[in-house]
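Structure record follows, encoded as structure tokens.
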Amino acid sequence: MSYSKQARTTTRRIRIRRIRVAGLLIVIAAIAAALGHQLLASSSSTAASPVDVLRSEHRGLRSEHRELPSEPPGALGEADGAVPDGTTVFDDEIPGVANLDPDLLAALRQASTDAADDGVEFFVDSGWRSPEYQSQLFREAISEYGSEEEAARWVATAETSAHVSGDAVDIEHFDSTEWLSEHGAEYGLCQIYSNEPWHYELRPEASDHGCPSMYADPTYDPRMQQ
Ligand SMILES: [Zn+2]
């Protein structure tokens with residue numbers, strides 16, 4: 001390629017780029033003008049602009065799911081069952097602990113007292129939950145796992161969750177759940193689902209007969225069928 005040919009090619013490329021930039025600016029200007037018009041229209045007249053229609057559709061969607069909280073994740077606090085770090089089964093002032101079934105709580109406290117002799121302390125990851133909190137967890141699970149069916153393998157709905165009724169506790173840390181898998185049955189504390197080694201419920205008959213065999217995951221639990 002000769003020098004002059006190369007220079008021509010370069011010039012043409014620059015020109016094409018300039019034309020593209022100019023085209024882009026025209027498009028941006030057009031969008032800005034349209035948006036400006038819509039903003040004017042929505043503020044100065046009662047006619048529904050496309051923006052207004054979108055907004056009202058969004059509101060309609062929200063009101064259809066009115067039973068679900070509209071706050072962002074994290075807005076639900078201790079009163080709904082959120083449990084601060086370091087909470088133990090003895091923390092009566094934490095609603096997530098205090099609202100557990102009294103028999104389950106008594107069994108947990110007895111087990112925790114005995115586990116302390118083995119140098120193991122129970123920490124509560126989650127206990128009782130309000131229906132609103134459970135619904136939020138279920139919605140988060142749907143967005144994480146991609147479908148209601150898959151989410152249901154990990155998180156129950158507010159209607160079916162044993163956490164909402166105060167009958168389930170999630171215990172933190174491997175040493176605690178290992179201790180419970182070995183000794184929990186003596187206290188009626190049983191792991192219910194194979195895929196949730198942290199989730200314990202009270203099965204009083206377990207102290208005599210051992211814990212019932214586990215479900216692979218919550219979807220096999222008849223209680224989870226609505
Ligand atoms: Zn659980």
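We count residues from 1, following the sequence as given. Start at 1 and go down the list; that is how both ligands and their atoms are numbered. Both backbone and side-chain heavy atoms feed into the values below; hydrogens, waters and symmetry mates do not.
- Remark: the Glu140 side chain and the Gln136 side chain contain an N/O donor-acceptor pair separated by less than 3.5 Å.
- Note: angle at the Zn ion (ligand 1), from NE2 of His163 to ND1 of His199, is 110° (rounded to 10 degrees).
- Qualifying side-chain hydrogen bond (donor to acceptor under 3.5 Å, both in side chains) partners for Trp179, counting only residues two or more places apart in sequence or in other chains: Asp118.
- Distance alone, capped at 3.5 Å, is enough to place a donor-acceptor pair between the Arg109 side chain and the Val89 backbone.
- Among the backbone and side-chain atoms of Glu196, none of the N, O or S atoms lies under 2.8 Å from the Zn ion (ligand 1).
- Taking OH of Tyr200 as the start and CD1 of Ile192 as the end, the distance is 9.0 Å to the nearest 0.5 Å.
- Per residue Asp170, closest N, O or S atom to the Zn ion (ligand 1): atom name OD1.
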